Number of protein chains: 2
Amino acid sequence: MKKITIKDIALEAKVSISTVSFVLNDKGEKMNISKAVIKKVQEVAEKLHYRPNMIASSLRTGKTRSIGLIVEDISNQFFSDLARVIEDEAKKLGYRVFYCSTGNDDDRSDELIQSLLQANVDGFIITPTEKLEKSIDHLIKLKKPVVLIDRYFPGQNVSHVVMDNYEGSYSATQFLIKKGRRSIAFVNNTSGMIQMQLREKGYVDAMKEAGLYQESLILHLEYHSNEDAKIAAIVHFFEKNTGIDAVLFSANYMGLAGLQAFRKMDLEIPKDLSVISFDDHYSFRLHTPSISVIEQPIDAIAVKAVGLLMDQMIDGRDFVIEKVLQKGKLLIRESV
Amino acid sequence: MKKITIKDIALEAKVSISTVSFVLNDKGEKMNISKAVIKKVQEVAEKLHYRPNMIASSLRTGKTRSIGLIVEDISNQFFSDLARVIEDEAKKLGYRVFYCSTGNDDDRSDELIQSLLQANVDGFIITPTEKLEKSIDHLIKLKKPVVLIDRYFPGQNVSHVVMDNYEGSYSATQFLIKKGRRSIAFVNNTSGMIQMQLREKGYVDAMKEAGLYQESLILHLEYHSNEDAKIAAIVHFFEKNTGIDAVLFSANYMGLAGLQAFRKMDLEIPKDLSVISFDDHYSFRLHTPSISVIEQPIDAIAVKAVGLLMDQMIDGRDFVIEKVLQKGKLLIRESV
DNA sequence: CTGAAAGCGCTTACAG
DNA sequence: CTGAAAGCGCTTACAG
């Protein structure tokens, strides 16, 4: 089966290849090509089952109609949900999405950016890792459209869309306090990224306002440790700090490790301990009791991020840097 | 920042662009280019931070060094694990992977194949949906390398790598029988794909051999129904067929629906009911009690599939169609 | 041993 | 209203 090119169409329709190209790119009217010719070309293209060669057109135009999506871990449900919505949104606009996971590894993130640059993606949506600020500066210098999601660098002037982490954490903590909980722990990781800092700050402020704050109630888990190590650390922490009656996890994978720790310790939820975690997860719904979460507005984040990226990708438009905060949602289930 | 091309290197190194191309493609020696020139060209390329334009080279060679991976649902852990291993394997060999989900929708699957064809991927790894046989025939006619995973079409001569579904199901059923269970249910979907048929057949044969087979112990869930509908169907089935003392689920999403059904019905696992499911899942390990599974040999499947695909992609090599069965592993946890 | 040139399949400025 | 031609950045058969 021979590849059909615009040359074949031109031959068959007895017009020049430029005419074919104009018609197939819907520029026929603009170029004052006659209705009859337009119709003819379209029919021939249809008849021969013409499929444009995207590689050739990319080489010529320098555009690939693709965007690179770099997330932390595509096998984490939060990110795979995000990716799916972003992909759908992009497809509506005729863009293809290449996605890859950093595993929060800075070197790998940098490599991925290089490789996507080399694949000539037209724009980037990134959940940056800690040391990625330079690489992102680099993209900006290259005038590549970039939107960050889930987190960002406070000093850097780049569009980003994130949840209102401070508010989410603050309200969840207040909710626990109103429920009569007094000794509320906060389990975070050691990454120090802005979204984790804000989640911690929301908790700290709510605790301080209620006069309940104690530094010893905060546990920081090594980010790069495996799940068993996290479970062990949580067990150790709760054995040392008896009397804790509630806990807020700053991400779903910590919450999941926590549930396993509590099972080992035979702690009963919510009698002994109220539990709330950031980010929803299938296992939180299935768990007995089901676990309350601060659900991220995934759809809103994805749609907005694609929108901001498109704004930057439209040639010549003077785009504005936008920094968007989306509200999360406290989903109360049986665990509080 | 200007894009560096081989022309720039040629200019700077004072050689022709062909020489540059040969050197950078490691064909310098073969073309009898002097050591000195090779070194010079490499140094200049390094100095100018040359990055080859993959689009240009693709247009010229017709190869993209990429493979298309079509799975049923990338947000299902079985497929996302599979995808990760395939991606890693492919990367080792210098290939990039584009992945997409069919959602078991035949039209969408066909579309995805078209779109990957248009993106000029060099080969395909596919978990086919029911009506995809024609599309796959089409790929073969185009001489596109294809490997199927997880399932295949019995009459079609295509390389594939799948788990030994019959054996997995047969042993799991036998295990339940040896444990003293007598009224063992089997929950399958309505898709009728070969892997599901074989899982059912393994169960049926084991039951028949033990003289325990009853057709009424098999439930078929509508594939395209949502989770709540599946849960309702399972509840209905178990309310009608009282006395069932064990159940084997033919895929993880059915097992997960089942766990929710049993929770609603206050069935106690494993006292009232032993449970085993195909495919592992995070929630199966976290569940109280933890759920026994027939674990798929994901790494082996992925590695083998990439290997078979590469065999086909090496130009001119007369590749052989291989049909590979990998053994699954029965992981016994608390649910039996 | 190395270079000039054709060509992959498009898009688009230019000419008429 | 439509066509001839240049050029995107490579690879490779051919010439010398």
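Because the structure is a prediction, the values reported are computed rather than measured. All values below come from the heavy atoms of this structure, side chains included, with hydrogens, waters and symmetry mates left out. Each chain gets a letter, A, B and so on, in the order its sequence line appears, and its residues count up from 1.
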A.B. asks: Let me know, please, whether Phe22(B) or Ile55(B) comes out on the 5' side of the other along DNA chain D by nearest nucleotide.
C.D. replies: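 Its nucleotide being nearer the 5' end, the pick is Ile55(B).
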
A.B. asks: Would you mind classifying the nucleic acid contact of Thr19(B) as base, sugar-phosphate or nothing, using non-hydrogen atoms under 4.0 angstrom?
C.D. replies: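 Result for Thr19(B) = sugar-phosphate.
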
A.B. asks: With sequence neighbours excluded, tell me which residues meet salt bridge (Lys or Arg N to Asp or Glu O under 4.0 Å) with Lys304(B).
C.D. replies: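 Partners of Lys304(B) by the salt bridge (Lys or Arg N to Asp or Glu O under 4.0 Å) criterion, ordered by chain and then number, come out as Glu322(B).
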
A.B. asks: Does CD in Glu29(A) sit with more than 12 non-hydrogen atoms of other residues, nucleotides or ligands closer than 6.0 Å?
C.D. replies: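 No, not enclosed.
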
A.B. asks: List the residues meeting salt bridge (Lys or Arg N to Asp or Glu O under 4.0 Å) with Glu111(A), not counting sequence neighbours, and say none if there are none.
C.D. replies: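 In terms of salt bridge (Lys or Arg N to Asp or Glu O under 4.0 Å), with neighbours along the sequence ignored, Glu111(A) is linked to no residue.
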
A.B. asks: Assess whether side-chain contact (heavy atoms from CB on, under 4.5 Å) is satisfied between Tyr95(A) and Leu309(A), documenting all intermediate values.
C.D. replies: CA-CA 11 Å; Tyr95(A) 279 77; Leu309(A) 193 67; over 6 Å; no

A.B. asks: If you count the non-hydrogen atoms of other residues, nucleotides and ligands that lie under 6.0 Å from NZ in Lys323(A), is the total more than 12?
C.D. replies: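 Yes, enclosed.
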
A.B. asks: If you measure from the P atom in dT12(D) to the same atom in dC1(C), how many Å do you get, rounded?
C.D. replies: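 22 Å, rounded to whole Å.
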
A.B. asks: Does anything in residues 25-44 of chain B reach DNA chain D, meaning a heavy atom under 4.0 Å, and if so which residues?
C.D. replies: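 The stretch gives Asn25(B), Lys27(B) as the residues lying under 4.0 Å from the strand, ordered by number.
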
A.B. asks: Give one of base, sugar-phosphate or nothing for Ser18(A), where a contact means two heavy atoms less than 4.0 Å apart.
C.D. replies: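 Ser18(A): base contact, heavy atoms under 4.0 Å.
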
A.B. asks: I need the His160(A) NE2 to Ile136(A) CD1 distance, nearest 0.5 Å.
C.D. replies: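 One finds 11.5 Å between NE2 of His160(A) and CD1 of Ile136(A).
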
A.B. asks: Dot-bracket for DNA chain D: what is it, with Watson-Crick or G-U pairs under 3.5 Å, [ ] where a pair crosses earlier ones, and | for a pair to another strand?
C.D. replies: |||.||||||||.|||

A.B. asks: Nearest 0.5 Å please: distance from the OG1 atom of Thr127(B) over to the CG atom of Leu69(B).
C.D. replies: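 Interatomic distance, Thr127(B) OG1 to Leu69(B) CG, rounded to 0.5 Å: 7.5 Å.
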
A.B. asks: Check every nucleotide of DNA chain D for an atom under 4.0 Å from a heavy-atom of chain A, then give the first and the last such nucleotide from 5' to 3'.
C.D. replies: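 Endpoints of the contacted stretch of DNA chain D: dC1(D) to dG9(D).
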
A.B. asks: side-chain hydrogen bond (donor to acceptor under 3.5 Å, both in side chains) between Arg65(A) and Ser57(A): does it pass, once the steps are laid out?
C.D. replies: CA-CA 10 Å; Arg65(A) 292 197 81 76; Ser57(A) 105; over 6 Å; no

A.B. asks: Across the strands shown, which category fits Ser21(A) at heavy-atom distances under 4.0 angstrom: base, sugar-phosphate, nothing?
C.D. replies: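 Base, at least one base heavy atom under 4.0 Å.
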
A.B. asks: Flag yes if more than 12 heavy atoms outside Lys39(A) fall under 6.0 Å of its NZ atom; otherwise flag no.
C.D. replies: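 Atom NZ in Lys39(A) is not crowded, with 12 or fewer foreign heavy atoms closer than 6.0 Å.
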
A.B. asks: The test is side-chain hydrogen bond (donor to acceptor under 3.5 Å, both in side chains); show your working for Thr129(B) and Ser109(B) and say whether it passes.
C.D. replies: CA-CA 7 Å; Thr129(B) 49; Ser109(B) 303; 3.2 Å; yes

A.B. asks: Determine all donor-acceptor pairs shorter than 3.5 Å in which one atom belongs to a side chain in residues 78-94 of chain A; sequence neighbours excluded.
C.D. replies:
unit_1: Ser80(A); atom_1: OG; unit_2: Gln77(A); atom_2: O; d: 3.3
unit_1: Glu87(A); atom_1: OE1; unit_2: Tyr99(A); atom_2: OH; d: 3.2
unit_1: Glu89(A); atom_1: OE2; unit_2: Lys92(A); atom_2: NZ; d: 2.8

